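These notes concern the structure reproduced below.
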Amino acid sequence: MELSHKLLAIEKMQVKRSGLTRNLPWLVALAVVWTISGFATPLVNAYYFSIVIYVGINVVLAVSLNLVNGFTGQFSMGHAGFMAIGGYTSAFLTTSLRSFYPTLMSHPFAEQGIFIGALIIGALVASVAGYLVGLPSLRLKGDYLAIVTLGFGEIIRVFLLNIEAIGGARGMPGIPSLSSFGWVYTFALITVFVIARLTVTPIGREFLGVREDEIASEAMGVNTTQAKVRAFVIGAFFAGIGGGLFAHFLSYLNPSTFDFNKSFDIIIMVVLGGMGTITGSVIAACLLTVLREGLRSLQEITHIDFRMIIYSMILILMMILRPNGLFGTKEIWEFLPFRNFKQKKKSP
Amino acid sequence: MALNTLALKLDKLTIKFGGLKAVSDLSIQIPSGAIFGLIGPNGAGKTTVFNMITGVYKPSAGQILSFGRPIQGLKPYRVTQAGIARTFQNIRLFKDLSVLDNIKIAMDHNPSLPKIGFFSSVLQSKIYLGNEYNKEEKSVEFLEIFKLGHRARTVARNLPYGDQRRLEIARAMATNAKLLLLDEPAAGLNMQESRDLRETIRMIRERFSLTILLIEHDMRVVMEICDRIAVLDYGIKIAEGTPSEIQKHPLVIEAYLGRRAKDASKLASKT
C-alpha cells in the first residue's frame, strides 16, 4: 500500500514539473550539438568525422527499427527499403531543385530549409510505404512477417535499380552535401526523443501490449491492427530521415547500398543492444559503427583482413553471453547501482 | 423483464466448424447484476461460447445482445469497448510489463478517460501529464481494490499464481466493463486462493454493479457464488436453473456428475 502512494506522490511531482522544464534537457542537448557543430567540426579530420556522422545516422536507424522490432515485437527486415525510399526521394528533390533553380540553392538559408523540407518529404513518402507494407503484413507473424518485409526491401531495391531518372544501376551522383554534424545529431536527438517519449504514452503502451500478447491486448480494447500499422509508419518515417541524411552526406546513392545486408546491419544493432531498449540501441549503434572502422587499423598492422571475422566473433560471443542483448529490455539507468524509485520509473 | 435490463442475451447461438456443430441453438438470458455460471464437461463448448461473445469467433447463426445492443460480429476490441471484458483460461497477462502497466493498458481504452493526441503526448503537455496522473491514480486505486497495491512495480511474471489471476480480473475491470466473462478463474488455485477469489468476485459485483458470466469446473465455486447456472453438453444446453436445481437435475447428473459418481462407486465396490 505504502509503495503505491509513494508512486503517486512522485507522479504528482512530475505533473507539476511539466511543460518547458521537462523538455529542457533535450533543448540543452540540441544546443550542445550545434555548439559542437560550430566549433569542433573543422578541427576533426575527415575520416573520423565521417565515422561520427555514420554513428548519428545509425542511431536514427537502429532506434526507429527498435520501435517496430523491439517494442511492438513485429520482426521487420525491410528497414533498408524504407531508408532507400527516404534517401532517394529527398536526394531527388534537392538535386533537381539545384539544377533547375541554382540561384535559390546558392543561398545558404534557403538551401538548409530546402534540405530539411526534402528530408521530411522523403520521410513521409517512406512512411506511406510503411503503411502499405504494414497493412498486408498484419496477418503474418514471426518468421513469415520477416520474410515478407525482406522481400519488400528487395522489391524497393530492384525498383530503384530500374528508374532511369535517378540513375538506375549507375547510381545517383552529385547530391548536395548538406548533412552537417548539426543536422545529423539534431535528427538523432529528435528520433530518440520521439520514440523514447512515445513508449511511455498510451500509444506506446499499445505497442508493448501487442508485443506481449496480441490476443490479450485485443481483449483489453486495443485495436492491434492500428497499433501495428502505427509502429510501421513511425518506424518507416525515421528510417526515411536516416536515408535522407545518409544520401546528403555521401553525395552519392546506389541501389545496391540498400540491399538486405544493410537491413541486417541495423537488425544486428537492435538485437545487440537489446530488443525494446532505446539506450541499448543507441549504444549498440555507436559500438558497432566504431568497431567496424576501428578494426581497419588492425588490418594495417597484420596485413590480413580480420575485420569481418572479429566482428562476427564479437556478435557470436555477445549472443552466447547476453542472449537478450546488452541491456535486454531495460534502459541504461535501470542498471545503475544507486537508482532509487524515481530512476526506476522510465522518465525519458 | 425488459430487454435493456438484460446484461447479455444469447439467442439461438450456433457455430459450426466444418461439419461439427460446436454450439447449437444456445439461448441464455442474464439479467443485469447476476452471477451466471456456465458449466459442462470438457469439450462441451463453454470457451467457444466465450469466444463468440467476445468476437474471436463469428457465430454461424443467432444473435448476441448486450444491454439491448447487438454485438455479434464485432471485432474483439470493439466488444471490449462496448463494456464486455474477459479473462482467459490460461492466464494471458502482459508478462514482462509491470503490474501497473498491465492495468494502464486496459485503462487507456476506458471510455470515461479522454484520449490525448500524438504531439501533446510526445511533448508531454500539461493536459497529457494530468491525464496520465489521473490514470495512474485510478490504476493504483484498482490495484488496491484487488489487494495488489504493494505489487505495482512488480513484473507480472513474478507474481504468485493467485495474484496473477486477480491481476487478470483487475485488468479486465479497468476497461470499464459492465459485463465480465471469467474463464475458469479458479483453475489451479489452492483452497485459500480459491476462497479469496470467491470473495473477490462477490466484492467486485457489489462495488461495480457488475454482471458476471463464469465458466468453472470447481463445483464449490460455482455452487456457492452463482445465482443461476446453465449446463452445456456437446454444445447443447441441457439444463438451466439455480444451483440447487442443477444439482438435482437428472440430465445433469447423467451427463456430467452422475456418470462419474456411478463409475466411482462401481470402482469402489469392486475393490
Side-chain angles (χ1 to χ4, degrees), chain A residues 1-8 10-23 26 190 193-227 230 234 276 328-329 341 344-348, chain B residues 54-56 75-81 85-88 91-97 100-102 104-111 113 115-116 118 121-126 128-133 135-137 139-141 143-144 147-153 156 168 171-172 174-176:
Chain A
M1 305 275 159
E2 220 175 65
L3 193 75
S4 51
H5 287 303
K6 201 168 155 190
L7 208 132
L8 279 177
I10 291 161
E11 195 78 0
K12 204 167 206 166
M13 226 164 63
Q14 287 185 340
V15 177
K16 279 186 190 151
R17 199 175 63 88
S18 63
L20 193 64
T21 3
R22 292 182 68 83
N23 296 324
W26 295 91
I190 291 174
F193 173 78
V194 170
I195 291 175
R197 282 283 175 87
L198 198 63
T199 54
V200 294
T201 63
I203 300 167
R205 276 199 290 269
E206 279 190 349
F207 296 166
L208 297 177
V210 169
R211 177 186 76 190
E212 293 295 318
D213 193 322
E214 230 180 292
I215 293 170
S217 304
E218 202 150 34
M220 292 306 115
V222 177
N223 183 349
T224 52
T225 311
Q226 191 193 47
R230 267 186 187 159
I234 297 168
T329 56
F341 218 83
K344 201 174 165 189
K345 165 122 181 67
K346 280 188 197 169
S347 55
Chain B
T54 53
V56 179
K75 288 246 170 72
Y77 71 93
R78 290 267 182 228
V79 174
T80 310
Q81 287 165 3
R86 72 175 292 184
T87 65
F88 294 88
I91 302 178
R92 281 182 177 274
L93 290 171
F94 304 124
K95 285 212 165 82
D96 286 322
L97 304 184
L100 191 67
D101 279 344
N102 267 275
K104 274 188 184 170
I105 290 179
M107 191 83 74
D108 287 336
H109 300 280
N110 188 325
L113 292 170
K115 287 224 184 307
I116 310 289
F118 179 89
S121 305
V122 167
L123 294 172
Q124 298 194 337
S125 70
K126 219 157 193 154
Y128 162 80
L129 287 171
N131 192 42
E132 284 293 288
Y133 175 72
K135 209 176 276 171
E136 183 133 340
E137 202 173 40
S139 304
V140 168
E141 212 175 278
L143 287 175
E144 296 201 334
K147 300 197 189 79
L148 288 164
H150 59 297
R151 298 279 195 180
R153 285 285 170 221
E168 216 191 7
R171 190 182 63 172
T175 61
N176 204 24

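It should be emphasised that the depicted structure is a prediction, and the values quoted were computed from it without experimental measurement.
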Proximal component of Lys135(B), with respect to chain A [non-hydrogen, under 4.5 Å]: side chain
Minimum heavy-atom distance Ala219(A)-Arg86(B), with the two atoms named: CB-CG, 4.1 Å
Donor-acceptor under 3.5 Å (Lys104(B) side chain, Pro202(A) main chain): no
Toward chain A, the part of Phe94(B) with a non-hydrogen atom under 4.5 Å: both
Choice from Asp101(B), Leu143(B), Leu97(B) maximising heavy atom contacts with chain A below 4.5 Å: Leu97(B)
Step-by-step side-chain contact (heavy atoms from CB on, under 4.5 Å) determination, Arg205(A) to Ile105(B): CA-CA 6 Å; Arg205(A) 276 199 290 269; Ile105(B) 290 179; 3.8 Å; yes
Which of Thr80(B), Val79(B), Val56(B), Thr87(B) touches chain A most, by non-hydrogen pairs under 4.5 Å: Thr80(B)
Chain B contact via Ile215(A) - side chain, backbone, both or neither, heavy atoms under 4.5 Å: both
Residue list, side chain to side chain contact (heavy atoms under 4.5 Å, CB included) with Ser121(B), at least two apart or on another chain: Thr201(A), Ile116(B), Tyr128(B)
Backbone N/O of Gly221(A) and side chain of Gln81(B): donor-acceptor pair under 3.5 Å: yes
